[in-house]
Amino acid sequence: MNPLRIGNFSGFYGDRFDALREMLTGGEVDVLTGDYLAELTMLILGRDRLKDPSAGYARTFLRQLEDCLGLARERGVRIVTNAGGLDPAGLAARTRELADRLGVPVRVAHVEGDDLTAAHPGTLAAHAYLGGFGIAACLRAGADVVVTGRVTDAALVTGPAAARFGWRPADHDRLAGAVVAGHVLECGTQATGGNYAFFGEGDVRRPGFPLAEIHADGSSVITKHPGTGGFVDVGTVTAQLLYETGGARYAGPDVTARLDTVRLSQDGPDRVRIEGVRGEAPPPTLKTGLNRLGGFRNEVVFVLTGLDIEAKAALVREQLSDALAKAPPREVRWELVRTDRADADTEETASALLRLVVRDPDQQVVGRALSGAAVELALASYPGFHVLSPPGKGAPYGVFEDVYVPHGAVDHVAVLHDGRRVPVPPPQETRPLDAVPSPPLPAPLPPGPTRRAPLGLVVGARSGDKGGNANVGLWARTDDAWRWLAHTVTTDTFRQLLPETRELPVTRHPLPNLRALNFVVEGILGDGVAAQARFDPQAKALGEWLRSRHLDIPETLL
C-alpha cells in the first residue's frame, strides 16, 4: 500500500497565511493539517467569545479556505484542522456556507465533545484533549474537510492514518508511530529548520512546511516539498521531538508513545526516517485544560542610560514605593535588565531596562493609580528619565491549569457531513502512566584536556511550555558528544547553569536513542503563558540561554 502523505500548513494561530496554497501547489499530498490551538489560543478565543457569542474559532482559516478550497477539491486533498477551537460546529457551518458561495461541492464534518466548561464553573474555557478516532470516522464516511475543537496536536495525523490504514484502538505500535510523526509536524516549520539551534547550516529565511509519509506499519519519513526553503535532517527532527515533551512515555488519549524507542536515520536529502516506535495503552484519564481570567496586570519599563545604573534603579523603586503602598497590588515584580555597555557608541547600547510588573484581581489597583504615579516622575526622578511606552489602565491576564478526567466524562462524537452523529467509544484498554526506569548510559569519555566554552558548541537545545512548567531538551550530534553530555549535565549542573531553576523541582529524562536529555522544570512559568510571569513567558529561549552557558568541554569535541 502506498504511504499516506500528510502535510502541515499551520503550526499556530497566526502562522504563514500563504502556507495552504504553498502546500497544495508544491507537490503531492493526500491530507493537509492545520494546527491553530495552544493553551494561550484557547484563552484568546474565550475572550473573543465574551465579546461576540458567534466567535470562538480561528477566523483566518476561513480566509485561507476561501482562496484554496477549490484547489484542494480539484487535487483531491482532504483538510483536517482544529481551527474550530471553542465552536467546531460553528466553523463547520461557516465552511459549508463558504463552499456553497464558491460553488465548490465539498463534504464538511466536525468533531465535538471536548467542551467541559459547564462542568468547571468559573472557567472561561475547559476542554478535554480528544484523540484521532473521531477524525477517522469523519474521513471514513467521506468528509473532504474535518473541523475539530481541542484534540491533541498529533490527533490531526493519527486520525487520517487510522482512516487510511484501518487501524483500530488496539494497534498501539502503529498509532504510536503516527503520534511521533504528528508531533514532528504539529509546529510546522520548526521541523524544517525554523527556530533551530544550528540554523546557520541551511537557508532558513523561508522554511517550507513539513510532510510525513506515513506507512501502514506506523513508520514514517519526514520531508518537505521539493525546492522549498529550510532543511530536514536528523537534528531538526530530534529538536522537534523534544519540544514540549517530558519523559520517555508520551501520553495521549489514543496511545502512549514510547519516545525511548524512536529510531531516526537520514533517508536522503531532506528525508528523515522514523521507525521502531513502540506504543502502550493510553492512560485511564484525559488531560483537560482549564482557562480562566486571573485578574489584571500593568507594566512599565524605565530606561536607565549611562552611569550609575544601580543607583538610578534604586531611586525610581523608592519613589514608586509610596504609590504601591497606598493600595498594594497582590504581586509586584521588579527586574533590572543590564543591556547597557560601558563607553557605548550608541545611546541604546548605553541603556539598561528596569521593568515593573504588577498584578491584582482589581483593575483599579494596577491601573490609573500606578500609571499616574509613574508618569508623574517624568521631571522628578533620575537623569535621562524616560519609559519605553506609557503605562496603560491595566489589562486582563489568564491562568491555565490542567486537570484529568475519566474517558467516560466526555461525549466524543463525530458529526458526519450528512448530519449523522457517530459516538466514538473510549479505549477499552488503559494503562497507568508510570515512570520508565532510567536506561543505561554510555561509557564516559576518557580524561583529557578541556577548554572553557559555551555548551552550545557541542549540543543543540529546544525548549517550550506546558502550563506552568517548561522543558529543555538537549541533544548531541555525535556518539562522543553524547557520552560527555550524558555524564556531565546532571540536574545539579542544570540548576547551576540556570540559576532561575535552583529552587524548583527539575527532573532529567535520558533518551539514549536520540542521544538526548530532556529536563522538565516545574513551576518556572507560574500560572502559564497567559499570566506572563517571566521575561520569556513560554520558555522559548530557555534552551538557548542554557547553550550560551560555559562549561569545561573536552577539546576533542571542540
Side-chain angles (χ1 to χ4, degrees), residues 6-26 29 31-73 75 77-102 104 106 108-112 114 124-125 127 135 143-153 155-157 185-192 194-195 206-210 228 289 291 398 529-530 538:
I6 302 180
N8 172 281
F9 67 87
S10 175
F12 69 100
Y13 192 7
D15 209 343
R16 189 188 305 167
F17 186 86
D18 294 336
L20 180 54
R21 176 168 286 277
E22 291 172 11
M23 293 302 289
L24 285 168
T25 59
V29 64
V31 178
L32 285 176
T33 63
D35 184 1
Y36 292 78
L37 300 185
E39 293 165 2
L40 179 60
T41 315
M42 299 298 279
L43 178 74
I44 292 170
L45 294 176
R47 289 176 59 184
D48 288 348
R49 193 168 58 176
L50 287 178
K51 301 173 186 175
D52 178 3
S54 68
Y57 52 79
R59 295 179 182 272
T60 51
F61 171 70
L62 283 176
R63 297 203 299 272
Q64 290 172 294
L65 211 58
E66 184 168 11
D67 179 54
C68 295
L69 184 60
L71 184 59
R73 173 67 177 174
R75 301 199 170 200
V77 177
R78 291 170 152 186
I79 296 173
V80 179
T81 180
N82 60 18
L86 312 186
D87 188 12
L91 180 56
R94 302 292 86 74
T95 301
R96 293 187 191 96
E97 292 170 4
L98 174 65
D100 289 344
R101 178 164 58 83
L102 296 175
V104 179
V106 295
V108 182
H110 74 275
V111 176
E112 59 186 41
D114 58 302
L124 193 60
H127 290 258
I135 296 170
D144 301 299
V145 178
V146 180
V147 174
T148 78
R150 179 73 277 189
V151 296
T152 64
D153 299 338
L156 300 178
V157 171
L185 293 190
E186 69 185 50
C187 290
T189 54
Q190 278 196 174
T192 58
N195 300 353
R206 188 180 173 86
F209 278 69
T228 56
N291 288 275
V529 55
Q538 290 181 280

Do Leu24 and Leu20 have side-chain heavy atoms sitting under 4.5 Å apart?
yes

Minimum side-chain heavy-atom gap Leu71-Arg21 below 4.5 Å
yes

Salt bridge check, Glu66 against Arg63: does any charged N sit closer than 4.0 Å to a carboxylate O?
no

In the structure I gave you, are the side-chain heavy atoms of Asp153 and Asn82 within less than 4.5 Å of one another anywhere?
yes

Decide yes or no for Glu22 and Phe9: does some side-chain heavy atom of the first lie under 4.5 Å from some side-chain heavy atom of the second?
no

Got a donor-acceptor contact below 3.5 angstrom from the Thr189 side chain to the Pro207 backbone?
no

Looking at Val106, Leu62, Asp144, which hits side-chain contact (heavy atoms from CB on, under 4.5 Å) with Leu69?
Val106

Side-chain contact test, heavy atoms from C-beta onward, threshold under 4.5 Å: evaluate it for Leu45 versus Leu37 and give yes or no.
yes

Would you compute the distance between atom CZ of Arg16 and atom OG of Ser10 and round it to the nearest 0.5 angstrom?
11.0 Å

Mind running side-chain contact (heavy atoms from CB on, under 4.5 Å) on Val146 and Arg78 for me, showing each step along the way?
CA-CA 8 Å; Val146 180; Arg78 291 170 152 186; over 6 Å; no

Just verifying a value: how many Å separate Ile79 CD1 and Leu156 CG, rounded to the nearest 0.5 Å?
12.5 Å

Euclidean distance, Met23 CE relative to Asp18 CG, rounded to 0.5 Å:
13.5 Å

Quick one: does Tyr13's side chain get under 4.5 Å of Arg59's, heavy atoms only?
yes

Working to the nearest 0.5 Å, report the span between CZ of Arg101 and CD of Glu97.
9.5 Å

Step-by-step side-chain contact (heavy atoms from CB on, under 4.5 Å) determination, Leu185 to Ile6
CA-CA 9 Å; Leu185 293 190; Ile6 302 180; 4.2 Å; yes

Do any N or O atoms from the side chain of Gln190 and from the backbone of Asn195 form a donor-acceptor pair under 3.5 angstrom?
no

Between atom CG of Asp52 and atom CZ of Arg49, what is the distance when rounded to the nearest 0.5 Å?
11.0 Å

Any side-chain donor paired with an acceptor under 3.5 Å for Asp35 and Asn8?
no

Using the side-chain contact (heavy atoms from CB on, under 4.5 Å) definition, which of the options Leu86, Leu65, Val147, Thr148 pairs with Leu91?
Val147

So do the side chains of Thr81 and Phe61 get within less than 4.5 Å of each other, counting heavy atoms only?
yes

Please name the pair of heavy atoms, one in His110 and one in Ala89, separated by the smallest distance, quoted to 0.1 Å.
NE2-CB, 3.6 Å

Show the numbers, then the answer: is there a side-chain contact (heavy atoms from CB on, under 4.5 Å) between Val29 and Leu32?
CA-CA 7 Å; Val29 64; Leu32 285 176; 3.7 Å; yes

Give the C-alpha distance, both sets of side-chain angles, the deciding distance and a yes or no for side-chain contact (heavy atoms from CB on, under 4.5 Å) between Val31 and Val80.
CA-CA 7 Å; Val31 178; Val80 179; 4.0 Å; yes

Heavy-atom nearest pair, Asn291 first then Met42, reads ND2-CB, 3.7 Å

Check: Thr60 and Tyr36 side chains under 4.5 Å, non-hydrogen atoms:
yes

